[in-house]
Peer 1: 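Please find one structure pasted underneath; my questions will follow.
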Amino acid sequence: VGFPDGQGLYSLEPSNQAVQYRAYGAVNFDNSSRLSADFSFGSMEQDDPLFNYSVNSSLAVHTPLPRTRMDAKIDTTFAKLMYTAQPTDRVSILASYTLDDRDNKTAQDYWPYIGGDSQDQKDEDDARLNLPYSYEKKQLNLNATWRAAKGVRVKAGVENRDYTRTYSEVLGSDETRYFAGITLRKWENASFSFDFASSERDIDGYQGNRTLILSHVPGHTDPDDFENLPALRKFNQTDRERDEYRFRADFFPSDSFNFAINGNWSEDDYNDANNLFGLQESEVTSWSVDAGFYPKDGVNITAYYTKESYDSEQTSRSWNSRTPGSEDDPNRNWMADSEDEVDTWNVALTFDGLGEKLGDNGQGEFGFDYTYSNVESDIMVNGGSSINATPLPTLVSKMQSWSIFGKVNINDNSAIRLSYEMQKLTTRDFALDNVPIDGPSNALLLGNTSPNYDLSLIMLSYLHRY
């Protein structure tokens, strides 16, 4: 109201309190079996005073806040039981059960809200009820390892996850994951490993308007009312199939040199057989090479390079409530293909055991480390005949960091360490850069820009080992 001379109130993160109690232990039944347990109970509370509905005196506010403090409280329970055994010299098994429970005990009230701090307060029949979201996660794991021969190890297992939610589009889901792998260490100068996993998640049923109906006064919504497209679903609450592959090879040509190659690939399929909108599929590929060179005692040179690719495809439909029928118009469909490319490399040089002729007092370390990472993200959008879609500008993020350090031992138990670090971040984001605070429709921005900074840090530490 009154932009640009009006005023508003923006809340920072509220103060809060949290406490957790934990107990854990283990029992050895014999030399080949063990049962361990880990339990924790916690509570989180937040009772900061609430702001009034608005600071704009020109707006009509007919109903005060239902409470002056939220009195929010969440109780958490965590329990894990794990049994390990080695029935034979070649076979070992592991079974575990995990419970993670979040019980949100925050009080519920109806809140006749003010839209965008620029509209008169809604009638009490249009008030919204806060929904204290809770969940319960249960996970059961069973896996076995078989030492098939000298230097050959085979593993396999199954995991089952049961997820129950409240006040959510999906109240329950079940996911089963199977995995297997083999490790070969039959050679003196090389080792190899290969792992595969496949999982499938099934949901009880997706009701996109469940939270809309539950958050309104009973009797003031219709079963077919919606805020989001009825065919749109959240990717973490829908059916999904996932396949994963991992490979690693390590080589040791000599005592002074080693290198390794590592590769990972995974694919998620979100089952679009029913022409549902949202994330359709995603693919992640990464590979890396790392090496170490040790020309003499106390001199260590290491380096690595990693290449990561993220590719995802999502679909939806452009619509708004002011254009009746737009939610059913296939000509307003759009598809976005997102591609992220990440390149990271690092090199480090370390000298240790300096001053050995002086004895323990005077020995020290000296080192240098440099890391560079570059991320480029492209989003290509295609649309129906009613959509004017063009590729979006490339998102860019570059990070460079340097560090140099030295450590000197004072005696057998104490040392002094001095380090200097520099970091430089450069980003470019079309959604933030050069966007005026009143640029988007029906919203006022906070004037944020994409982060760019230079950081220098000097640290002096005293280390003592008891």
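Position 1 is the first residue of the sequence; numbering continues from there. These numbers come from a predicted model, not from an experiment.
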Peer 1: Between F247 and N262, which heavy-atom pair has the shortest distance, and what is it?
Peer 2: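 Looks like O-OD1, 3.0 Å.
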Peer 1: So F257 and F293, would you call those rings parallel, tilted or perpendicular, with 30° and 60° as cut-offs?
Peer 2: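 If you compare the ring of F257 with that of F293, the planes turn out perpendicular.
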Peer 1: Ignoring hydrogens and geometry, is there a side-chain-to-backbone donor-acceptor pair from N52 to L65 under 3.5 Å?
Peer 2: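 No, because the side chain of N52 does not come within donor-acceptor range (under 3.5 Å) of the backbone of L65.
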Peer 1: Check each of W265, W287, F179 against Y245 using the ring pair (Phe, Tyr, Trp, His ring centres under 6.0 Å) test, and report the only one that passes.
Peer 2: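 When W265, W287, F179 are each tested with Y245, the ring pair (Phe, Tyr, Trp, His ring centres under 6.0 Å) holds only for W265.
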Peer 1: Side chain to side chain donor-acceptor pair (under 3.5 Å) with S168: which of Q237, K234, R210, Q207?
Peer 2: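 The passing option is Q237.
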Peer 1: May I ask you to check whether Y167 and Y133 place their ring centres under 6.0 Å from each other?
Peer 2: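 Here the rings of Y167 and Y133 have centres that are no less than 6.0 Å from each other.
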Peer 1: On the six-membered ring of Y135, is K137 placed so that its NZ or CZ lies under 6.0 angstrom from the centre and within 45° of the ring axis?
Peer 2: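 Yes, cation above the ring, under 6.0 Å and within 45°.
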Peer 1: Supply the atom-to-atom distance K73 NZ to M44 CE, rounded to the nearest 0.5 angstrom.
Peer 2: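 CE of M44 is found 11.5 Å from NZ of K73.
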Peer 1: Any salt bridge (Lys or Arg N to Asp or Glu O under 4.0 Å) pairs touching residues 101-112, not counting sequence neighbours?
Peer 2: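 For residues 101-112, and leaving out neighbouring residues, the salt bridge (Lys or Arg N to Asp or Glu O under 4.0 Å) pairs sorted by first residue read R67-D109, D75-K105.
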Peer 1: Donor-acceptor pair, N452 side chain versus T427 backbone, under 3.5 Å?
Peer 2: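 Yes; at least one donor-acceptor contact below 3.5 Å.
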Peer 1: Is the backbone of A431 close enough, under 3.5 Å, to the side chain of D429 for a donor and an acceptor to pair up by distance?
Peer 2: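 Side chain of D429 to backbone of A431: a pair is present.
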Peer 1: List for me each residue that meets side chain to side chain donor-acceptor pair (under 3.5 Å) alongside Y305, sequence neighbours excluded, and say none if there are none.
Peer 2: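 Partners of Y305 under the side chain to side chain donor-acceptor pair (under 3.5 Å) test: D343.
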Peer 1: Would you say the side-chain atoms of N104 pair up with the backbone N or O of S134, donor to acceptor, closer than 3.5 Å?
Peer 2: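 No.
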Peer 1: Heavy atoms, side chains only, cut-off 4.5 Å: are S92 and R147 in contact?
Peer 2: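 With C-beta onward as the side chain, the pair touches.
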Peer 1: Under the side-chain contact (heavy atoms from CB on, under 4.5 Å) test, which residues partner A149, sequence neighbours left out?
Peer 2: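 Partners of A149 by the side-chain contact (heavy atoms from CB on, under 4.5 Å) criterion, ordered by chain and then number, come out as V152.
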Peer 1: D378: which residues meet the side-chain contact (heavy atoms from CB on, under 4.5 Å) condition with it, sequence neighbours left out?
Peer 2: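 Only T394 meet the side-chain contact (heavy atoms from CB on, under 4.5 Å) criterion with D378.
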Peer 1: Report yes if the side chains of L460 and I416 come closer than 4.5 Å at any heavy-atom pair, otherwise no.
Peer 2: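 L460 reaches I416 side chain to side chain.
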Peer 1: Among all residues two or more places apart in sequence or in another chain, which pass the side-chain contact (heavy atoms from CB on, under 4.5 Å) test with Q17?
Peer 2: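 E45, D47.
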Peer 1: For the residue pair Y270 and L276, establish whether any side-chain heavy-atom pair is separated by less than 4.5 Å.
Peer 2: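 No, too far: nothing below the 4.5 Å cut-off.
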Peer 1: Could you give the distance from CG (D337) to CD (E313), rounded to the nearest 0.5 Å?
Peer 2: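 Rounded to the nearest 0.5 Å, the CG-CD separation comes out at 6.0 Å.
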Peer 1: Taking side chain as C-beta onward, heavy atoms only, is S288 less than 4.5 Å from E308?
Peer 2: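 The answer is no; the side chains never approach within 4.5 Å.
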Peer 1: Taking R233 for the side chain and G208 for the main chain, is one N or O donor matched with an acceptor at less than 3.5 Å?
Peer 2: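 No; judged by distance alone, with no hydrogens or angles, the pair does not exist.
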Peer 1: When you measure from the side chain of T285 to the backbone of S309, do you find a donor-acceptor pair of N or O atoms at a distance under 3.5 Å?
Peer 2: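 Judged by distance alone, no pair lies under 3.5 Å.
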Peer 1: Tell me if a side-chain donor or acceptor on N411 pairs with a main-chain N or O of S414 at a distance below 3.5 Å.
Peer 2: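 Yes; at least one donor-acceptor contact below 3.5 Å.
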Peer 1: T371: which residues meet the side-chain contact (heavy atoms from CB on, under 4.5 Å) condition with it, sequence neighbours left out?
Peer 2: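 If we apply the side-chain contact (heavy atoms from CB on, under 4.5 Å) test to T371, skipping adjacent residues, the hits are Y304, T344, N346, D369, S401.
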Peer 1: Within the structure provided, determine whether L94 and M82 are in side-chain contact (heavy-atom separation under 4.5 Å).
Peer 2: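 A side-chain contact exists here, since the closest heavy-atom pair is under 4.5 Å.
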Peer 1: Output all residues satisfying side chain to side chain donor-acceptor pair (under 3.5 Å) with K186, sequence neighbours left out; order by chain, then residue number.
Peer 2: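 Residues passing side chain to side chain donor-acceptor pair (under 3.5 Å) with K186: none at all.
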Peer 1: Would you say Y310 and S377 make side-chain contact, with heavy atoms under 4.5 Å?
Peer 2: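 No, too far: nothing below the 4.5 Å cut-off.
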Peer 1: Under 3.5 Å, sequence neighbours excluded: what are the donor-acceptor pairs made by side chains of residues 18-34?
Peer 2:
residue : atom : partner : partner atom : Å
R22     : NE   : D38     : OD1          : 3.1
R22     : NH2  : D38     : OD2          : 2.8
N28     : OD1  : R34     : NH1          : 3.0
D30     : OD1  : S32     : N            : 2.7
D30     : OD1  : S32     : OG           : 2.9
D30     : OD1  : S33     : N            : 3.0
D30     : OD1  : S33     : OG           : 3.1

Peer 1: Distance check, rounded to the nearest 0.5 Å: S456 atom OG versus M422 atom CE?
Peer 2: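 Rounded to the nearest 0.5 Å, the OG-CE separation comes to 4.5 Å.
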Peer 1: Could you go through the salt bridge (Lys or Arg N to Asp or Glu O under 4.0 Å) check for R248 and D290 one step at a time?
Peer 2: CA-CA 11 Å; R248 182 176 178 88; D290 60 84; 3.8 Å; yes
Peer 1: Test side chain to side chain contact (heavy atoms under 4.5 Å, CB included) on E365 and F405; report intermediate values, then the result.
Peer 2: CA-CA 8 Å; E365 297 179 7; F405 73 90; 4.2 Å; yes
Peer 1: Which value, rounded to the nearest 0.5 Å, describes the distance between Y97 atom OH and Q139 atom CD?
Peer 2: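 Going from the OH atom of Y97 to the CD atom of Q139 covers 10.5 Å.
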Peer 1: Enumerate the residue pairs fulfilling salt bridge (Lys or Arg N to Asp or Glu O under 4.0 Å) with a member in residues 212-225, sequence neighbours excluded, ordered by first and then second residue.
Peer 2: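 The answer is none; no pair qualifies.
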Peer 1: Is the side chain of E281 donor-acceptor paired with the backbone N or O of L279 at a distance under 3.5 Å, no angle test?
Peer 2: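 Judged by distance alone, no pair lies under 3.5 Å.
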Peer 1: When you compare the side chain of F366 with that of I404, does any pair of heavy atoms fall below 4.5 Å?
Peer 2: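 Counting from C-beta outward, I404 and F366 do come under 4.5 Å.
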Peer 1: Using the ring-ring contact (aromatic ring centres under 6.0 Å, His included) rule, take F368 and W402 through it: C-alpha gap first, then chi angles, then the decisive distance, then the call.
Peer 2: CA-CA 8 Å; F368 170 81; W402 305 261; 8.8 Å; no
Peer 1: Yes or no on side chain to side chain contact (heavy atoms under 4.5 Å, CB included) for Y294 and N258, after CA distance, side-chain angles and deciding distance?
Peer 2: CA-CA 9 Å; Y294 317 97; N258 63 69; 3.3 Å; yes
Peer 1: Could you check whether R317 makes a cation-pi contact with F277, meaning its NZ or CZ is under 6.0 Å from the centre of the six-membered ring and within 45° of the ring axis?
Peer 2: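 Cation-pi check for R317 and F277: fails.
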Peer 1: Test side chain to side chain contact (heavy atoms under 4.5 Å, CB included) on E200 and D239; report intermediate values, then the result.
Peer 2: CA-CA 8 Å; E200 183 174 356; D239 294 337; over 6 Å; no
Peer 1: Does some side-chain heavy atom of L129 sit less than 4.5 Å from a side-chain heavy atom of L214?
Peer 2: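 Answer no - side chains too far apart.
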Peer 1: Quick one: side chain to side chain donor-acceptor pair (under 3.5 Å) partners of S419, sequence neighbours excluded?
Peer 2: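 Listed in chain order: nothing, the list is empty.
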Peer 1: Assess whether a salt bridge exists between R242 and E244, defined as any Lys/Arg side-chain N lying under 4.0 Å from an Asp/Glu carboxylate O.
Peer 2: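 Here R242 does not pair with E244 in a salt bridge, since their nearest N and O are not under 4.0 Å apart.
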Peer 1: Is a donor on one side and an acceptor on the other found under 3.5 Å between the side chain of Q121 and the backbone of T63?
Peer 2: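 It does hold such a pair.
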Peer 1: Is a side-chain donor or acceptor of R428 paired with a backbone partner of S450 at a separation under 3.5 angstrom?
Peer 2: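 Pair absent, no side-chain N/O of R428 close to backbone of S450.
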Peer 1: For residues 189-196, run the donor-acceptor check on the side chains, cut-off 3.5 Å, and write out each pair with its distance to 0.1 Å, sequence neighbours left out.
Peer 2:
residue : atom : partner : partner atom : Å
D195    : OD1  : K155    : NZ           : 3.4

Peer 1: Residues two or more places apart in sequence or in another chain: which of them pass side chain to side chain donor-acceptor pair (under 3.5 Å) with T164?
Peer 2: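 For T164, no residue satisfies side chain to side chain donor-acceptor pair (under 3.5 Å) once neighbours in sequence are set aside.
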Peer 1: In Å, rounded to the nearest 0.5 Å, how long is the span from CD1 of I213 to NE2 of H220?
Peer 2: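 It comes to 14.0 Å.
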Peer 1: Quick one: pull up CD in E136 and CG in D162 and give me the separation to the nearest 0.5 Å.
Peer 2: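 Interatomic distance, E136 CD to D162 CG, rounded to 0.5 Å: 7.5 Å.
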Peer 1: Looking at every non-hydrogen atom in both residues, tell me the closest pair between E188 and F252 and how far apart they are.
Peer 2: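 Minimum heavy-atom separation between E188 and F252: O-CD1, 4.4 Å.
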Peer 1: Using 4.0 Å as the upper bound for N to carboxylate O, is an ion pair formed by E175 and R177?
Peer 2: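 Judged by the 4.0 Å cut-off on N to carboxylate O distance, R177 and E175 do not form a salt bridge.
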